[in-house]
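This report refers to the structure that appears directly beneath it.
Numbering of ligands and ligand atoms starts at 1, following listing order. Position 1 is the first residue of the sequence, and the numbers go up from there. Values reported hereafter were calculated over all heavy atoms of this structure, with side chains retained and with hydrogens, waters and symmetry mates removed.
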Amino acid sequence: MKLILLGAPGAGKGTQAEVVCDNFGLQIISTGNIIRQAVKDETEMGLQAKDYINNGKLVPDDVILKIIKERLSKDDCQNGFILDGVPRTIAQAEALDALDVKIDKVINIVVEDDVICKRLSGRRVCGDCSASYHLDYKVPAKAGVCDRCGGALIVRKDDEPETVKERLNVYHKQTAPLIEYYEKQGILSTVYGQEEVEETSKLLLEVLKEK
Ligand code: AP5
């Protein structure tokens, strides 16, 4: 299965991608995680992307397309994958179509902006392995420490309230038009993501089990 998870920043794409991965054994491709790692490693792409990501802007389409082409050509994607956070513009979606990657389903996770702002203020991520936590909804066993690798939990730079506002503006202007794009292709399903994580997962897995 080839799946796209659409949704605003903080809608729960990363959280639900892990649930789908556990249930279907699909590779998760998160452009956000790939870019953050490149920024940390100070690669050429990371240096190019750093200011965009830190200021809540989209990284240019040509950079994203290069990442995606490279990633999708790897062996671990040949049996299916979950695209988390990509495409994010109509140009990226068209480029993906042009690669002849036949997407089976696009799931749009819908959450209101004010809920997102509250959620993102409580997110903490592992500075080493990128695992994601929440101060109220996904609390690590030991405060400030990653359950998975023991790394220190930090606040993502783009989770500052002003940057979250900008990310939401960018989402509504540049990414939300993808809802209609995939609706027209007849592969879009909508899942309401405002309730608890487990409730959203249940709805999402039901959609994936539908033919
Ligand atoms: P990216 O890392 O993809 O960030 P995002 O899309 O803004 O999404 P988030 O990671 O913030 O949220 P999410 O929907 O995954 O939610 P999560 O599950 O973590 O991209 C970052 C940046 O990279 C972009 O701004 C851009 O600069 C660049 N970029 C990436 N891809 C790009 C592209 N294709 N084109 C151009 N630029 C690109 O959940 C959030 C929090 O809420 C967590 O703490 C979680 O525990 C909690 N939570 C989740 N679900 C629930 C729930 N149901 N109830 C309560 N809490 C919940």
Side-chain angles (χ1 to χ4, degrees), residues 4-21 28-40 45-46 48-69 71 82-96 107-113 115-126 130-140 146-147 153-160 163-176 178 191-204:
I4 293 174
L5 292 182
L6 261 190
K13 303 181 294 297
T15 303
Q16 298 303 331
E18 286 187 16
V19 174
V20 178
C21 168
I28 302 172
I29 302 175
S30 157
T31 37
N33 283 345
I34 293 171
I35 296 165
R36 275 185 292 279
Q37 188 60 48
V39 171
K40 201 170 153 193
M45 184 271 276
Q48 241 179 315
K50 188 175 176 182
D51 285 346
Y52 293 101
I53 193 165
N54 285 345
N55 292 312
K57 308 279 186 203
L58 292 186
V59 171
D61 288 335
D62 57 331
V63 177
I64 298 297
L65 291 174
K66 197 160 169 255
I67 296 174
I68 279 301
K69 264 193 201 168
R71 192 61 194 85
I82 307 159
L83 293 179
D84 163 10
V86 65
R88 258 184 223 240
T89 62
I90 296 284
Q92 289 178 20
E94 286 172 346
L96 192 64
I107 299 190
N108 181 32
I109 306 177
V110 179
V111 178
E112 283 169 21
D113 286 7
V115 175
I116 282 173
C117 291
K118 273 190 217 140
R119 262 190 205 174
L120 290 182
S121 67
R123 171 164 56 187
R124 297 294 180 269
V125 294
C126 176
S130 308
S132 177
Y133 297 85
H134 195 282
L135 295 180
D136 300 316
Y137 309 118
K138 193 181 173 198
V139 183
C146 178
D147 292 346
L153 301 187
I154 55 170
V155 177
R156 247 169 67 171
K157 204 165 166 39
D158 62 345
D159 279 348
E160 303 289 341
T163 317
V164 170
K165 271 192 208 153
E166 178 57 19
R167 286 162 65 200
L168 283 169
N169 283 337
V170 166
Y171 165 77
H172 288 294
K173 274 195 205 130
Q174 293 181 263
T175 307
L178 289 175
V191 164
Y192 289 91
Q194 305 231 147
E195 305 305 327
E196 289 177 1
V197 172
E198 293 72 21
E199 183 57 26
T200 307
S201 304
K202 201 174 129 211
L203 295 172
L204 198 137

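Atom 17 (P) of ligand 1 has Thr15 OG1, 3.6 Å as its closest protein atom, hydrogens excluded (heavy atom only). Here the heavy atom of the protein found nearest to atom 16 (O) of ligand 1 is Gly12 N, 3.2 Å. The closest protein non-hydrogen atom to atom 31 (N) of ligand 1 is Thr31 OG1, 2.7 Å. Remark: minimum distance from atom 22 (C) of ligand 1 to any protein heavy atom is reached at Ile53 CG1, 3.5 Å. Among all protein heavy atoms, the one lying closest to atom 47 (C) of ligand 1 is His134 CD2, 3.9 Å. The single protein non-hydrogen atom nearest to atom 55 (C) of ligand 1 is Tyr137 CD1, 3.2 Å, given as residue, atom name and distance. Among all non-hydrogen protein atoms, the one lying nearest atom 53 (N) of ligand 1 is Glu195 O, 2.8 Å. For atom 44 (O) of ligand 1, the closest non-hydrogen atom on the protein side is Tyr133 O, 2.9 Å.
Residues Thr163 and Asn54 have side chains not in contact (no heavy-atom distance under 4.5 Å, counting atoms from C-beta outward). In this structure the side chain of Cys21 reaches within 4.5 angstrom of the side chain of Ile82, judged on heavy atoms. Leu178 is not listed as a side-chain neighbour of Ile4, based on a closest heavy-atom distance of 4.5 Å or more. Side-chain contact between Leu168 and Lys165 is absent, with no heavy atoms from C-beta onward closer than 4.5 Å. At least one side-chain heavy atom of Val39 sits under 4.5 Å from a side-chain heavy atom of Ile53. Residues Ile29 and Ile68 meet the side-chain proximity criterion, which asks for heavy atoms closer than 4.5 Å. Lys138 places none of its side-chain heavy atoms less than 4.5 Å from the side chain of Val197. Two residues are said to be in side-chain contact when any heavy atoms from C-beta on lie closer than 4.5 Å; Ser121 and Val164 fail this criterion.
Scanning Arg119, Gln92, Glu18 for the heavy atom closest to atom 50 (N) of ligand 1 points to Arg119. Nearest residue to atom 38 (C) of ligand 1 from Arg88, Glu199, Glu198 is Arg88 (criterion: closest heavy atom). Nearest-residue assignment for atom 34 (N) of ligand 1 (options Ser201, Gly85, Ser121, Ala93; heavy-atom criterion): Gly85.
At least one heavy atom of Gly10 sits closer than 4.0 Å to an atom of ligand 1. Residue contacts with ligand 1 include Ala8, since one of its heavy atoms falls under 4.0 Å from the ligand. Residue Pro87 places no heavy atom under 4.0 Å from ligand 1. At a 4.0 Å cut-off, at least one heavy atom of Arg156 sits close enough to ligand 1 to count as contact. Note on ligand 1: Tyr171 sits outside its first shell, no heavy atom being nearer than 4.0 Å. Ligand 1 lies less than 4.0 angstrom from a heavy atom belonging to Arg36. Under a 4.0 Å heavy-atom criterion, Ser132 is in contact with ligand 1.
If you look at Arg124 next to ligand 1, there are no close heavy atoms at all, none under 4.0 Å. For Pro9, heavy-atom contacts with ligand 1 shorter than 4.0 Å involve the backbone as well as the side chain. Counting heavy atoms under 4.0 Å from ligand 1, residue Glu196 touches it through the backbone alone. Under 4.0 angstrom from ligand 1, the non-hydrogen atoms of Val197 come from both its backbone and its side chain. Residue contacts with ligand 1, taken as heavy atom pairs separated by less than 4.0 Å, involve Arg167 solely via side-chain atoms from C-beta onward.
When each atom of ligand 1 is checked for a heavy atom of Gly193 under 4.0 Å away, the hits are 53 (N). In summary, the atoms of ligand 1 found under 4.0 Å from a heavy atom of Lys13, numbered by their order in the structure, are 5 (P), 6 (O), 8 (O), 13 (P), 14 (O), 15 (O), 16 (O), 18 (O). Atom numbering of ligand 1 starts at 1 in the shown order; those under 4.0 Å from a heavy atom of Ile35 are 28 (C), 29 (N), 30 (C). Of all the atoms in ligand 1, the ones that sit under 4.0 Å from a non-hydrogen atom of Lys57 are 26 (C), 27 (O). Residue Val86 approaches ligand 1 through these ligand atoms, each under 4.0 Å from one of its heavy atoms: 34 (N). Interface of Gly14 with ligand 1, defined as ligand atoms under 4.0 Å from a residue heavy atom, comprises 13 (P), 15 (O), 18 (O).
Side-chain atoms of Tyr133 come within 3.5 Å of backbone atoms of Asp147 as a donor-acceptor pair (strictly under, hydrogens ignored). With hydrogens and angles disregarded, no donor-acceptor distance shorter than 3.5 Å links the side chain of Arg167 to the backbone of Pro9. A donor-acceptor pair under 3.5 Å links the side-chain atoms of Thr175 to the main chain of Arg88, judged by distance alone.
Here the options are Val20, Val191, Leu203, the test is side-chain contact (heavy atoms from CB on, under 4.5 Å), and the partner is Ile107; only Val191 passes.
Checked by distance only, ligand 1 and Asp158 stay at 3.5 Å or farther apart across all their nitrogen or oxygen atoms. Where the criterion is an N or O separation shorter than 3.5 Å, residue side chain and backbone included, Ser30 fails it with respect to ligand 1. Taking distance alone, with nitrogen or oxygen atoms compared against 3.5 Å, Gln16 stays at or beyond that limit from ligand 1. Checking only distances, Ile64 never comes within under 3.5 Å of ligand 1, N or O to N or O. The shortest N/O to N/O separation between Asn33 and ligand 1 does not fall below 3.5 Å. Below 3.5 Å of separation, one finds no N or O of Gly122 facing any N or O of ligand 1. Residue Arg123 places at least one N or O, backbone or side chain, under 3.5 Å from an N or O of ligand 1. Residue Val59 has at least one nitrogen or oxygen atom sitting less than 3.5 Å from a nitrogen or oxygen atom of ligand 1, judged on distance alone. Residue Gly56 has no nitrogen or oxygen atom sitting less than 3.5 Å from a nitrogen or oxygen atom of ligand 1, judged on distance alone.
Counting all heavy atoms, side chain and backbone alike, Val19 lies closest to Ser201 at CG2-OG, 3.6 Å. The minimum heavy-atom distance linking Leu96 with Pro87 is given by the pair CD2-CD, 4.1 Å. Leu153 and Pro140 make their closest contact through CD1-CG, 3.6 Å (heavy atoms, listed as atom of the first residue, atom of the second, distance). Considering all non-hydrogen atoms of both residues, Gly12 and Arg119 come closest at N-NH1, 4.2 Å. Here the closest non-hydrogen pair linking Val59 and Ile35 is CG2-CD1, 3.9 Å.
In summary, Arg124 and Asp159 do not engage in a salt bridge, as defined by a charged side-chain N under 4.0 Å from a carboxylate O.
Among residues two or more places apart in sequence or in another chain, the salt bridge (charged side-chain N to carboxylate O under 4.0 Å, His left out) test is passed with Arg36 by none.
Other residues, nucleotides and ligands place no more than 12 heavy atoms under 6.0 Å from the CD atom of Glu195.
Residue pairs meeting the side chain to side chain donor-acceptor pair (under 3.5 Å) criterion with at least one member in residues 57-68, sequence neighbours excluded, are Lys57-Glu166, Asp61-Thr89, Asp61-Gln92.
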